[in-house]
**Student:** 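Take a look at the following structure, please.
Computed from heavy atoms alone, side chains included, the values below leave out hydrogens, waters and symmetry copies. Naming convention: chains lettered A, B, ... in sequence-line order (proteins, then strands); numbering from 1 in each chain.
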Amino acid sequence: MKNKLVELLKQSIDNCLKNGDLKGTEIPLIEVELPREGAHGDYASNIAMVLASSQRNAPRKIAERIVGNISDNEKLLEKIEIAGPGFINFFIKNNAWSTLLKEVDRLGDRYGESKIGNGLKVQVEFVSANPTGPLHIGHARGAVIGDVIANILSASGFLVSREYYINDAGNQMNMLGESVYYRYLELMGENISFPDNCYQGDYIKDLAFEVRENHGDRFRSDKDGAIPVMTEYAAGSILEGIKEDLETLGVVFNRYFSEKELYKNNSVEDILNKLQEEGFIYKEGATRWFKTTAFGDEKDRVVVRENGAPTYFAADIAYHLNKYERGFDKVINVWGADHHGYIPRMQACIQAMGRKKEDLAVVLVQLVNLLRGGLPVPMSTRAGEFVTIREVTEEVGKDAARYNFLMRRSNSHLDFDLELAKAQSNENPVYYVQYAHARICSIMRNALEQGYQIPEYKDISSELLTADEERDLIKIINSFPEIVEGSAHALEPHRIPYYINDLASVFHGFYNKNKVVSDNAELTKARLFLIKSAATVIRNALKLLGVSAPERM
RNA sequence: GCGCCCAUGGCUCAGCUGGAUAGAGCGUCGGACUACGAAUCCGAAGGUCCUAGGUUCGAAUCCUAGUGGGCGUACCA
């Protein structure tokens, strides 16, 4: 509906320009929005005010001319009013609303999809945690947000690939191997003090136990031989665990990309040399610096240390080059907010490679405060005590976990309360929307028992749907595609849960005031179709979130 | 010190990229089940949108300076 009105305005302004009612030639971006106040119509546009300064004329006069040139061929409009400082308020005819439901019927489970992505290839990289320990609650939020951004983009016509970058090179990997080695020695009965800077968690002991099962005591006095074997075994095993945990959360990647590979095939060295030839990298003794200040970073960054070892940043440069070489038009990185200082140098890096700044988008995910009944759950990574993704998923369930992670703007801190998330009560928003869906399914079962068929659009008299609650429900159903588009554009998944919540609320309100299955067979059919449409939208929206839409609860 | 993020009813948060009288949920108070699921609905109370300036027809939203909180400022990842 909104798009139709934008079209009407565009044509009208075009006419105005031709017949001299407006000066100039350019049509500005036309915005149509939903007014808060019912008295301000169903939709409103501020276009006359936007044009006022360039037209050097009063907004209300401009509005009059625009309104005068609107030709409502589809007969959508009850009336148009010019109000306030120059708003154009549109009042839609009652019978124009229900025709909108035809789209839901036609598209079914594809309702809400769009083509705004235009086939652009996008990579969403997320989680990317070191394989040095199990994923904890903080990773879970990033995992779900990345996954849903991918879903939303995919539904919006982008070609999306989900990728996990494995930091399986560098110092922390040696640390992992050593940690296992010391636990291994402990199992052998050696009296050693486990170093503070090693990984403390109990999972290291399990890994050491497995190593002993497979290799016996042959590494007991062969530390140099042990470390590579133990590192590889531990990293592989931990990564497998990570994959399993992610799967319980419903997160599956198209590709796991190994940092180690970038070194094996010389990608890191090659790109560093190339950038050096191009003057973006300079040497200072043995140290190599990337001139990120040339692109607005606050200081240059080391890519190769004095001792010859490349930094993490060096591998990241090679990795991002690799992404674009694989043909991704746009790259989206979902990072923990503690990495925000890293953004300028990555943007410098891709610009040095000849890409535009916008080809890399970074979505920052703020930390999660884990609570239980309002009290903080103590966590210390250092002591290896953290609540893992698996524990959370097993305790509260996949649906509640995902929904709770998605409810807040990713850029703000999130309180995740285990008790609330698993409570099957009105305090838990996920049940509110699932209940709406289950309730609709229940009504339809009931209708079937009474001999009704579940109607399609062609079977109903849509003009019967004129009650306020019916119109509100149709309106909100109709806005779903715009919500998805906006969410894709802004990379803001939280808009979807807010939307479903509103939709569920309007539905529940409708339900409590109007009986769907009644003596009036025609009205019953029309309303069955209406709630069926609502259920379709709830299902489609929940699917974007990776949350189930149960038929009974 | 410098940089980034955040600040909206008692609590947790939205606010569609500058629009008209700032909205939800929880909590509080008061109502609605012998009609399709009460995990629901209806109503009420509750706000200097952190502060002070500025930009303009118009600011919670943009700019500047403060205040308070989080994070980052490594040849760690």
**Student:** To the nearest angstrom, how far is Ile538(A) atom CD1 from U40(B) atom P?
**Tutor:** 13 Å
**Student:** Checking Lys291(A) now: which residues fulfil salt bridge (Lys or Arg N to Asp or Glu O under 4.0 Å) with it, not counting sequence neighbours?
**Tutor:** none
**Student:** Could you state the atom-to-atom distance from CD of Glu485(A) to C1' of U17(B) in whole Å?
**Tutor:** 15 Å
**Student:** Would you say A38(B) has OP1 or OP2 under 4.0 Å from some side-chain N or O of Arg439(A)?
**Tutor:** yes
**Student:** Consider the side chain of Val517(A), meaning its heavy atoms from C-beta on, and name the nucleotide among G72(B), C36(B), C75(B) that approaches it most closely.
**Tutor:** C36(B)
**Student:** Determine which nucleotide pairs with A65(B), using a 3.5 Å limit on both distances of a Watson-Crick or G-U wobble pair.
**Tutor:** U51(B)
**Student:** If I compare all heavy atoms of Lys323(A) with all of Asn333(A), which pair ends up nearest, and what's the gap?
**Tutor:** NZ-OD1, 3.0 Å
**Student:** Write down the protein N/O and nucleotide N/O pairs, taken from nucleotides 1-4 of chain B, whose separation is under 3.5 Å; answer none if there are no such pairs.
**Tutor:**
| unit_1 | atom_1 | unit_2 | atom_2 | d |
| --- | --- | --- | --- | --- |
| G3(B) | N2 | His340(A) | NE2 | 2.9 |

**Student:** What do you reckon, do His339(A) and the base of G72(B) stack, with centroid distance below 5.5 Å and planes below 30°?
**Tutor:** no
**Student:** Could you check which nucleotide pairs with A60(B) in any of the strands shown, counting Watson-Crick or G-U wobble with both distances under 3.5 Å?
**Tutor:** none
**Student:** Is C5(B) syn or anti, taking syn as a glycosidic angle within 90° of 0?
**Tutor:** anti
**Student:** OP1 or OP2 of C41(B) less than 4.0 angstrom from a side-chain nitrogen or oxygen of Tyr432(A), does that happen here?
**Tutor:** yes
**Student:** List the residues meeting salt bridge (Lys or Arg N to Asp or Glu O under 4.0 Å) with Glu269(A), not counting sequence neighbours, and say none if there are none.
**Tutor:** Arg288(A)
**Student:** If you round to the nearest 0.5 Å, how far is SG of Cys349(A) from OH of Tyr342(A)?
**Tutor:** 9.0 Å
**Student:** Measuring from the side chain of Glu31(A) (C-beta onward, heavy atoms only), which nucleotide among U17(B), A77(B), A20(B) has the closest atom?
**Tutor:** U17(B)
**Student:** Extract from the structure each pairing of a protein N or O with an N or O of nucleotides 55-62 of chain B at less than 3.5 Å, listing the distance.
**Tutor:**
none

**Student:** Under 4.0 Å, heavy atoms only, any strand: does Ala39(A) hit a base, just the sugar-phosphate, or nothing?
**Tutor:** nothing
**Student:** Taking the chi torsion of U40(B), is it syn (within 90° of 0) or anti (everything else)?
**Tutor:** anti
**Student:** With 3.5 Å as the limit, what N/O pairs link the protein to nucleotides 42-47 of chain B?
**Tutor:**
none

**Student:** Which protein N or O atoms sit under 3.5 Å from an N or O of nucleotides 12-14 of chain B?
**Tutor:**
| unit_1 | atom_1 | unit_2 | atom_2 | d |
| --- | --- | --- | --- | --- |
| U12(B) | O2' | Arg408(A) | NH1 | 2.8 |
| C13(B) | OP1 | His413(A) | O | 3.2 |
| C13(B) | O2' | Arg408(A) | NE | 3.3 |
| C13(B) | O2' | Tyr498(A) | OH | 2.3 |
| A14(B) | OP1 | Arg409(A) | N | 2.9 |
| A14(B) | OP1 | Ser412(A) | OG | 3.4 |
| A14(B) | OP2 | Arg409(A) | NH1 | 3.2 |
| A14(B) | O4' | Tyr498(A) | OH | 3.4 |

**Student:** Assign Ala438(A) to base, sugar-phosphate, or nothing according to its heavy-atom contacts below 4.0 angstrom with the strands shown.
**Tutor:** base
**Student:** Between the base of A20(B) and the side chain of Asn89(A), is one N or O donor paired with an acceptor at under 3.5 angstrom?
**Tutor:** yes
**Student:** Check this for me: does any side-chain nitrogen of one of Glu395(A) and Lys422(A) sit under 4.0 Å from a carboxylate oxygen of the other?
**Tutor:** yes
**Student:** Counting any heavy atom closer than 4.0 Å, what does Asn514(A) reach on the DNA or RNA strands: base, sugar-phosphate only, or nothing?
**Tutor:** base
